[in-house]
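Residue numbers count from 1 along this sequence.
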Amino acid sequence: MTLPLQVEHLTAGYVRGHPVLTDITFDLPDGELLAVIGPNGAGKSTLLRCLLGWIHPDTGVVRLRGCELRALSHRQRALEIAYVPQFPPRTVGFSAGDVVLVGRYARMGWLGLPGPQDIRIALAAMEMTETADLFERPFDALSGGEMQRVAIARALAQQPGVMLLDEPTSHLDLRHQLRIGAMLQRVAHEWPMAIVWVLHDLNLAARFADRILVLHRGRGVALGTPADVLTPTLIEQVYGVETEVLTTGDGRLHVVVRQLGCTASQVQEGTKTSRPPGLTNS
């Protein structure tokens, strides 16, 4: 079966000859939640832009269901890829239901008007994200957590094969972070869907992701299960902090910061740590 997303030896940036990402390779199957982590400037947002087709690779390729992404039309991409930004745009004059129905646009008829099936799918997406009771509420009157869940419902209403999320929990409180993490895990496994979730919180990644891709200075330095990737050695090498990785009673990992390790300049210069371990698939 053709994988939803394949990235092969991707090197890309904003000025040719000055790559932000170098030689990134990974596959993403249906039903998997992949967390992408790394320090600021590691290339996480640039990777998302490449997966959306907003930036073309200098070398390498991104494939969507076996087809090279850059060869697909905007409509073809919209039928297969949904994107949830960090901050949903505040939409004045629209209800939450209207916002979710926007996700159906690429699949509507030539008049661009939602039919009964579009409404049923939008409501199903809102049920999955626990926002169905907000259908008639003005979108701009919702809380930040409600807005983000409605934005994810809009992405689900597209019926995509791949969902890309750029730090959707970074501005939310702990309860909403956990709620959205659990929801993404459920969507990935039950719809099923291939999900790429860019985030900073290592404990959210450990709790909900099936695999984690670690970016450091534009390179993929580790890829695997949370238990394989989130080790004190790798965290110090990438983030410059000393940690302890605990296993909770329910078998989940929890990263506890003990103290700063090497300084930021030492991380950049590599004076205290060796280079991070090579990228491994699992």
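Contact of the T25 side chain with the L10 side chain is not registered, since no non-hydrogen atoms from C-beta on lie closer than 4.5 Å. Residues P39 and H216 form a side-chain contact, since some pair of their non-hydrogen atoms from C-beta on lies under 4.5 Å apart. Residues I212 and L230 meet the side-chain proximity criterion, which asks for heavy atoms closer than 4.5 Å. Using a 4.5 Å cut-off on side-chain heavy atoms (C-beta onward), I152 and M183 make contact. Under the 4.5 Å side-chain criterion, counting only non-hydrogen atoms from C-beta, Q6 is not in contact with F26. In this structure the side chain of H254 never reaches within 4.5 angstrom of the side chain of T247, judged on heavy atoms. Looking only at side-chain heavy atoms (C-beta outward), E80 and C67 stay at 4.5 Å or farther from each other. No side-chain heavy atom of L34 sits under 4.5 Å from any side-chain heavy atom of I195.
Residues passing the side chain to side chain donor-acceptor pair (under 3.5 Å) test with Q185, sequence neighbours excluded: none. By the side chain to side chain donor-acceptor pair (under 3.5 Å) test, E68 is found to be paired with no residue, residues two or more places apart in sequence or in another chain being considered. In this view, A227 and T225, L253 satisfy the side-chain contact (heavy atoms from CB on, under 4.5 Å) rule, not counting sequence neighbours. Every residue two or more places apart in sequence or in another chain that forms a side-chain contact (heavy atoms from CB on, under 4.5 Å) with P138 is listed here: D140, A141. T59 meets the side-chain contact (heavy atoms from CB on, under 4.5 Å) test with T11; sequence neighbours excluded. In this structure E244 satisfies the side-chain contact (heavy atoms from CB on, under 4.5 Å) test together with L246, R258, sequence neighbours excluded. Under the side chain to side chain donor-acceptor pair (under 3.5 Å) criterion, D210 pairs with H189, sequence neighbours left out.
Through direct or relayed side-chain contacts under 4.5 Å between Ile, Leu, Val, Met, Phe, Trp and Tyr, V20 connects to Y14, I55. Alongside M126, the hydrophobic cluster contains F94, V99, V100, L101, I119, L123, L134, F135, F139, L142, M147, V150 (criterion: ILVMFWY side chains under 4.5 Å).
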Intermediate values then yes/no, salt bridge (charged side-chain N to carboxylate O under 4.0 Å, His left out), R65 and D30 | CA-CA 11 Å; R65 299 289 179 190; D30 289 306; 3.0 Å; yes
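Between A194 and P29, the shortest heavy-atom distance links the atoms CB-O, 3.4 Å. Residue N40 comes nearest to H200 through the heavy atom pair OD1-CE1, 3.1 Å, listed as atom of the first residue, atom of the second, then distance. Considering all non-hydrogen atoms of both residues, A12 and C50 come closest at CB-SG, 3.6 Å. Scanning both residues, L213 and G220, for their nearest heavy atoms gives CD1-CA, 4.4 Å. P232 and V245 get closest at one heavy-atom pair: CD-CG2, 3.8 Å. Taking all atoms of both residues into account, the shortest heavy-atom contact from V255 to I235 is CG1-CD1, 4.0 Å.
With hydrophobic clusters built from ILVMFWY side chains whose heavy atoms lie under 4.5 angstrom apart, L79 does not share a cluster with V84. Put simply, I121 and Y105 are part of two different groups of oily side chains (I, L, V, M, F, W, Y) that touch within less than 4.5 Å, one to the next. Under a hydrophobic clustering in which Ile, Leu, Val, Met, Phe, Trp and Tyr are joined whenever their side-chain heavy atoms come within less than 4.5 Å, directly or via other members, L156 and V102 fall into different clusters.
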Check: residues 158-174 side-chain donor-acceptor pairs under 3.5 Å, at least two apart:
unit_1	atom_1	unit_2	atom_2	d
Q158	NE2	A78	O	2.9
Q158	NE2	I81	O	3.2
Q159	OE1	R104	NH1	2.9
S170	OG	Q86	NE2	2.6
S170	OG	E167	O	3.3
D173	OD1	R175	N	3.2
D173	OD1	H176	N	2.9
D173	OD1	H176	ND1	3.0
D173	OD2	H176	ND1	3.4

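Screening residues 42-69 for ring pair (Phe, Tyr, Trp, His ring centres under 6.0 Å), with sequence neighbours left out, gives W54-Y83. The side-chain hydrogen bond (donor to acceptor under 3.5 Å, both in side chains) contacts involving residues 141-155 comprise S143-E146, where partners must be two or more places apart or lie in separate chains.
Side-chain N or O atoms of T129 include one that pairs as donor or acceptor with a backbone N or O of A125 at under 3.5 Å.
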